[in-house]
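This report concerns only the one structure given below.
In listed order, ligands and their atoms are each counted from 1.
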Amino acid sequence: MPVTAYDLTGRTAFVTGAASGIGRACAVLLAEAGATVHCADLDTHGLDGTAALIKDAGGTARTHPLDVTDRARLGEAVATCARLDVMAAVAGIMHSSPVLETRDEDLDRVLEVNFKGVLYACQAAARSMLASKTPGSIITMASGAVDTGGAGLLCYGAAKAAVVQLTKTLATEMGPHGIRVNAVAPGWIRTPMTERHDVAAQARTEAFMSRMSPLGRVGDPEDIAHAVLHLASDASAFTTGQILRPNGGVAMPW
Ligand code: NAP
């Protein structure tokens with residue numbers, strides 16, 4: 001039984017990137033907290049897996065195979081929610097290239113998915129919440145890369161910095177309507193995105209990131225899902241325009 005402020009019974013959440021990693025963990029935890037969860041992703045097979053996990057946990061899921069860069073399709077999917085309480089815009093891709101080798105098409109693709117895909121989800125959610133006068137919560141997925149920078153992170157970091165700007169701007173515009181908008185900026189989390197390196201390289205990176213953290217470990221998707229649940233729930237009723245940083249203490253900005 002969830003603690004009352006974290007109880008999402010009777011609420012509806014929409015999660016992009018819900019087929020894998022952080023998005024899947026968010027979808028499952030929001031469902032465990034009582035929400036009906038709409039799961040969207042490119043990966044149909046992964047979506048079915050997430051829906052099965054939610055069903056096994058006694059929750060309710062709907063699936064929407066879609067590309068978040070398709071604004072119209074995403075809008076249609078969000079419109080199937082009679083009333084939307086929570087949007088978690090999690091879908092994203094990784095790209096790494098040195099600045100001097102970065103091609104226009106790399107930058108365009110990463111901005112398209114990681115920034116515009118989040119923008120379209122935020123727009124669809126805000127329109128739905130405004131139309132139904134729902135005091136909802138919109139959560140975007142930034143990255144610790146906005147705090148630390150790092151070699152190769154031009155495209156990815158630029159898109160995530162734009163997500164932070166979107167979050168602050170939308171929070172300011174939606175606050176008078178009772179709609180909250182916050183970002184989560186995870187540190188290094190073990191997911192299929194970060195497991196795509198070869199095994200030796202992954203072990204070296206995880207050892208390095210663990211040493212950088214006062215907690216001595218990298219994160220799990222559930223670490224981020226709990227941050228998202230906090231922002232989705234009434235427990236964060238006075239929090240908007242903020243960046244929550246579940247990063248193991250790797251970066252500690254003011
Ligand atoms: P993941 O396991 O790769 O999950 C991302 C999901 O998004 C995948 O199912 C992917 O489908 C889907 N996706 C990609 N492009 C899409 C599109 N255009 N339309 C719909 N779905 C799309 O990655 P993750 O690690 O969970 O990352 C989730 C989010 O957290 C991302 O925004 C990422 O930037 C952010 N983040 C991750 C970390 C980390 O250390 N893992 C740290 C900071 C921030 P496909 O597999 O079919 O592409």
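- Annotation: Ser20 places an N or O atom under 3.5 Å from an N or O atom of ligand 1; distance criterion only.
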Walk me through it: do Leu130 and Met174 pass the test side chain to side chain contact (heavy atoms under 4.5 Å, CB included)? CA-CA 9 Å; Leu130 286 172; Met174 289 297 122; 4.1 Å; yes

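- Ligand 1 has no nitrogen or oxygen under 3.5 angstrom from a nitrogen or oxygen of Trp188.
- Looking at Asp223 and Arg190, no side-chain N of the basic residue comes within less than 4.0 Å of a carboxylate O on the acidic one, giving no salt bridge.
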Set out, in order, the CA-CA distance, both residues' side-chain angles and the distance that settles salt bridge (Lys or Arg N to Asp or Glu O under 4.0 Å) for Asp234 and Arg11, then state yes or no. CA-CA 12 Å; Asp234 295 345; Arg11 302 199 190 172; 2.8 Å; yes

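- An N or O contact shorter than 3.5 Å is missing between Pro186 and ligand 1 by distance.
- Classification of the Tyr6-His230 ring pair by plane angle, with boundaries at 30° and 60°, yields tilted.
- When each atom of ligand 1 is checked for a heavy atom of Ala91 under 4.0 Å away, the hits are 7 (O), 21 (N), 22 (C), 32 (O).
- Of the listed options Asp41, Asp43, Asn247, Asp41 places a heavy atom closest to atom 10 (C) of ligand 1.
- Side-chain contact of Thr167 with Thr140: a donor-acceptor pair under 3.5 Å is present, judged by distance alone.
- The closest approach between a heavy atom of Lys160 and any atom of ligand 1 is below 4.0 Å.
- In the vicinity of Ile22, heavy-atom distances shorter than 4.0 Å reach the ligand 1 atoms 26 (O), 30 (O), 37 (C).
- For Arg83, the salt bridge (Lys or Arg N to Asp or Glu O under 4.0 Å) partners at least two apart in sequence or on another chain are Asp85.
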Can Ile189 and Thr194 be said to form a side chain to side chain contact (heavy atoms under 4.5 Å, CB included), step by step? CA-CA 7 Å; Ile189 310 300; Thr194 52; 5.7 Å; no

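- In this structure, Arg73 places its CZ atom where more than 12 heavy-atom neighbours from other residues, nucleotides or ligands lie under 6.0 Å away.
- In terms of polar-atom proximity, Ile189 is counted as a contact of ligand 1, with an N or O under 3.5 Å from an N or O of the ligand.
- Put simply, no part of Val218 is less than 4.0 Å from ligand 1, judged by heavy atoms.
- Residues Ser97 and His95 have side chains that bring a donor and an acceptor to within less than 3.5 angstrom of each other.
- The distance criterion of under 3.5 Å between nitrogen or oxygen atoms is not met by Thr69 with respect to ligand 1.
- Looking only at atom types and distance, the side chain of Arg217 has no donor-acceptor partner in the side chain of Ser210 under 3.5 Å away.
- Residue contact check: Thr194 has heavy atoms under 4.0 Å from atoms 39 (C), 40 (O), 41 (N) of ligand 1.
- Within the structure, salt bridge (Lys or Arg N to Asp or Glu O under 4.0 Å) contacts touching residues 166-184 (residues at least two apart or in different chains) do not occur.
- Heavy atoms of Ile93 found under 4.0 angstrom from ligand 1 belong exclusively to the side chain.
- The residue from Ile138, Leu74, Val86 that alone fulfils the side-chain contact (heavy atoms from CB on, under 4.5 Å) condition with Phe14 is Leu74.
- Interface atoms of ligand 1 facing Met141, defined by a heavy-atom separation under 4.0 Å, are 29 (C), 30 (O), 32 (O), 35 (C).
- Neither the backbone nor the side chain of Pro221 comes within 4.0 Å of ligand 1, counting heavy atoms alone.
- Residue Val90 has at least one nitrogen or oxygen atom sitting less than 3.5 Å from a nitrogen or oxygen atom of ligand 1, judged on distance alone.
- Shown in contact with Gly17 at under 4.0 Å from a heavy atom are these atoms of ligand 1, numbered in order with element: 6 (C), 7 (O).
- Under 4.0 angstrom from ligand 1, the non-hydrogen atoms of Val113 all belong to its side chain.
- Near Leu66, meaning under 4.0 Å from any of its heavy atoms, are these atoms of ligand 1: 19 (N), 20 (C).
- At least one heavy atom of Ala142 sits closer than 4.0 Å to an atom of ligand 1.
- In this structure, Gly187 counts as a contact residue of ligand 1, since one of its heavy atoms falls inside 4.0 Å of the ligand.
- Numbered from 1 in the order shown, with element, the atoms of ligand 1 that lie under 4.0 Å from a heavy atom of Asp67 read 17 (C), 18 (N), 19 (N).
- Of all atoms in ligand 1, numbered sequentially from 1 with element shown, those under 4.0 Å from a heavy atom of Gly21 are 2 (O), 26 (O).
- Between Ser143 and ligand 1, not a single N/O pair is under 3.5 Å apart.
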